[in-house]
> 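What follows is a single structure, and I will ask about it in a moment.
Only a predicted model underlies this, so the values are computations on that prediction, with no experimental measurement involved. Just the heavy atoms: all of them, side chains too, but no hydrogens, waters or symmetry mates, feed the values below. Lettering follows sequence order; numbering is per chain, from 1.
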Number of protein chains: 2
Amino acid sequence: MATSLPIPRDSQSKLVHILRYSAQVFSEHGFEGASMRDISRATGVSLSGLYYYFESKQKLLYLIQKNTFTYILDRLYARLERVRDPQARLRLLVQNHLEYFLSHPHEMKVLSHEEEALDEPFRREVAAIKRRYYTLAREIFDGLAAEASPPALNPRIAVLSLFGMMNWVYKWYNPEVDPGAEELTHSIVGIFLHGVLPSATEHPEFQLAAVPAAESEET
Amino acid sequence: MATSLPIPRDSQSKLVHILRYSAQVFSEHGFEGASMRDISRATGVSLSGLYYYFESKQKLLYLIQKNTFTYILDRLYARLERVRDPQARLRLLVQNHLEYFLSHPHEMKVLSHEEEALDEPFRREVAAIKRRYYTLAREIFDGLAAEASPPALNPRIAVLSLFGMMNWVYKWYNPEVDPGAEELTHSIVGIFLHGVLPSATEHPEFQLAAVPAAESEET
DNA sequence: ACAGTTCTCGAACGAACGTTCGAGATGCCA
DNA sequence: TGGCATCTCGAACGTTCGTTCGAGAACTGT
């Protein structure tokens, strides 16, 4: 199926156009399973024409991953700046992640599913961004654990389990059945903080602190 | 690198041998990224010789997935038979999953990562087994929720989040750093049932049948 | 030793792959 | 209008892919 949107004229936004549709093709067929001819068809750019913008298929995957990751991470940094409460910060981490996920499912799947398809030296570069993301999440968690007497829980496992819950979403999320980003955030944060069992007291609400919905135009 | 183990003589166990090493190749290069020549090299069986045992690359992937899934599911059914306590049943689900995971990382990765590489009609068949697995997990969870007054939590999201925590393990697990199946099970079950925040009472132990009356004063 | 089944593999098939190249179109400033 | 840089693409390249085929080796029961 060919592109429904018209192909942008100027070079800059045509590049973005190609990145966008390539992410969709990669997410549907996998990086190895998708051919440059598939991408040519999906973008409306000729096979050889693609190579005017990207020097290789690897570089194309690299740019998708780097752009996506950088955007998510920068946005999270910005949103965290005004928030100090540990639980609110954790909630922001999850919300930021899931909002991007649900609004850019193809890019997010490429990020989650095709990391190993990248060869050196690109692999190393994306891994560095990912490490920054993990480190930030770990700091948020440590702030949370410092708030109260921490349970004897391996923080590495805790943080990676949280990422597991979030990143697995692309395998099952169905917009016709499942709730939006806000409620999904609420559920996952709730499980992570309090578990699925009732606390024998009343039902906890996690809407702490003054977290503005942070409805903002991006930079 | 050629096979280190000798290739079995009889047909039946040679088939198993090929399945085993193919799973490793698929897990390292991905299904699309792995070639039949890679598998030939890894198993020590000639390229054309492979087709005496499997009619296609697709069928090979199918057999790996079906065998692995069926084994895990059957084993779980057997282990659950003697256990009625809801929390113990949940713990058994996680333990069974993670034990297989840590002892057969290649097969588990193929199961988690290559489900979409399978075409029809194989895809449908594996999906049916997966649905049985999910249904069983859902029943275990419902039993848990029925035990005490359930919190207003979407059970679908809860179960799929649990699978997220478990299935994401293959992305980060490092045997030199991370704990074994038992402790990992303990941690993940702990997060799922009680969350990472302390209950303001003493440190909870999850081994019990009845719900400990955790008086909690959350933040 | 023979016949028949089971198993093995080198060689080759057409198709699809990522990438290249040079000729031609298009846009922009003189 | 002319000259130059930017952009486009059909055609082809060498390689690798999954799969097939037929000849022969190895095993089995007699």
> Can you confirm if the NZ or CZ of B/Lys130 lies within 45° of the ring axis of B/Phe69 and under 6.0 Å from the centre of its six-membered ring?
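No, B/Lys130 does not lie over the aromatic ring of B/Phe69.
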> Do the charged groups of B/Asp142 and B/Arg138 touch, with an N to O distance under 4.0 Å?
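Yes, B/Asp142 and B/Arg138 are salt-bridged.
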> What is the distance from CG of A/Asp119 to P of C/dG18, rounded to the nearest Å?
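So the two atoms are 14 Å apart, to the nearest Å.
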> Specify the separation, in whole Å, of atom CD1 of B/Ile18 and atom P of C/dC7.
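Spelled out: CD1 on B/Ile18 to P on C/dC7 is 11 Å.
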> With a 4.0 Å limit, can you tell me whether A/Tyr53 has a side-chain N or O closer than that to the phosphate oxygens OP1/OP2 of D/dT8?
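True: A/Tyr53 side-chain N/O within range (under 4.0 Å) of D/dT8 OP1/OP2.
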> When the distance from CD of A/Gln58 to C1' of C/dG18 is rounded to whole Å, what number comes out?
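Rounded to whole Å, this separation is 11 Å.
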> Can you list the residues that meet the side-chain contact (heavy atoms from CB on, under 4.5 Å) rule with B/Ile72, with sequence neighbours excluded?
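If we apply the side-chain contact (heavy atoms from CB on, under 4.5 Å) test to B/Ile72, skipping adjacent residues, the hits are B/Thr68, B/Asn96, B/Tyr100, B/Met108, B/Leu111, B/Tyr133.
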> Over how many whole Å does the gap from A/Lys59 atom NZ to C/dT19 atom P extend?
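It is 13 Å, rounded to the nearest whole Å.
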> Would you call A/Glu81 and A/Arg89 a salt bridge, using N to O less than 4.0 angstrom?
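No, no charged N to carboxylate O under 4.0 Å.
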> Could you tell me how far apart A/Tyr51 (OH) and C/dT20 (P) are, to the nearest whole angstrom?
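So the two atoms are 7 Å apart, to the nearest Å.
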> In whole angstrom, what separates B/Ile39's CD1 from D/dC17's C1'?
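Between C1' of D/dC17 and CD1 of B/Ile39: 12 Å.
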> Any idea which of C/dT19, C/dC7, D/dC9 is nearest the A/Val45 side chain?
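For the A/Val45 side chain, the nearest candidate turns out to be D/dC9.
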> Closer than 4.0 Å, any side-chain N/O of A/Tyr52 to the OP1 or OP2 of D/dC7?
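A/Tyr52 to D/dC7 OP1/OP2: side-chain N or O found under 4.0 Å.
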> Starting at atom CG of A/Leu15, determine the distance to atom C1' of D/dT8, rounded to an integer number of angstrom.
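So the CG-C1' distance, A/Leu15 to D/dT8, works out to 16 Å.
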> Test side chain to side chain contact (heavy atoms under 4.5 Å, CB included) on B/Phe54 and B/Ile18; report intermediate values, then the result.
CA-CA 10 Å; B/Phe54 310 101; B/Ile18 295 175; 3.2 Å; yes
> Taking B/Arg123 first and then B/Glu115, would you say they form a salt bridge - that is, a charged N and a carboxylate O separated by under 4.0 Å?
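No, this pair does not count.
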> Enumerate the protein-to-nucleotides 10-13 of chain D contacts in which both atoms are nitrogen or oxygen and the separation is below 3.5 Å.
{"from": "D/dG10", "atom 1": "N7", "to": "A/Ser48", "atom 2": "OG", "distance (Å)": "3.4"}
{"from": "D/dG10", "atom 1": "O6", "to": "A/Ser48", "atom 2": "OG", "distance (Å)": "2.4"}

> Between B/Arg75 and B/Glu99, is the closest basic N to carboxylate O distance under 4.0 Å?
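Result for this pair is yes, salt bridge flagged.
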> May I have the distance from B/Lys14 (atom NZ) to C/dC7 (atom P), rounded to whole angstrom?
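After rounding, the reported distance stands at 9 Å.
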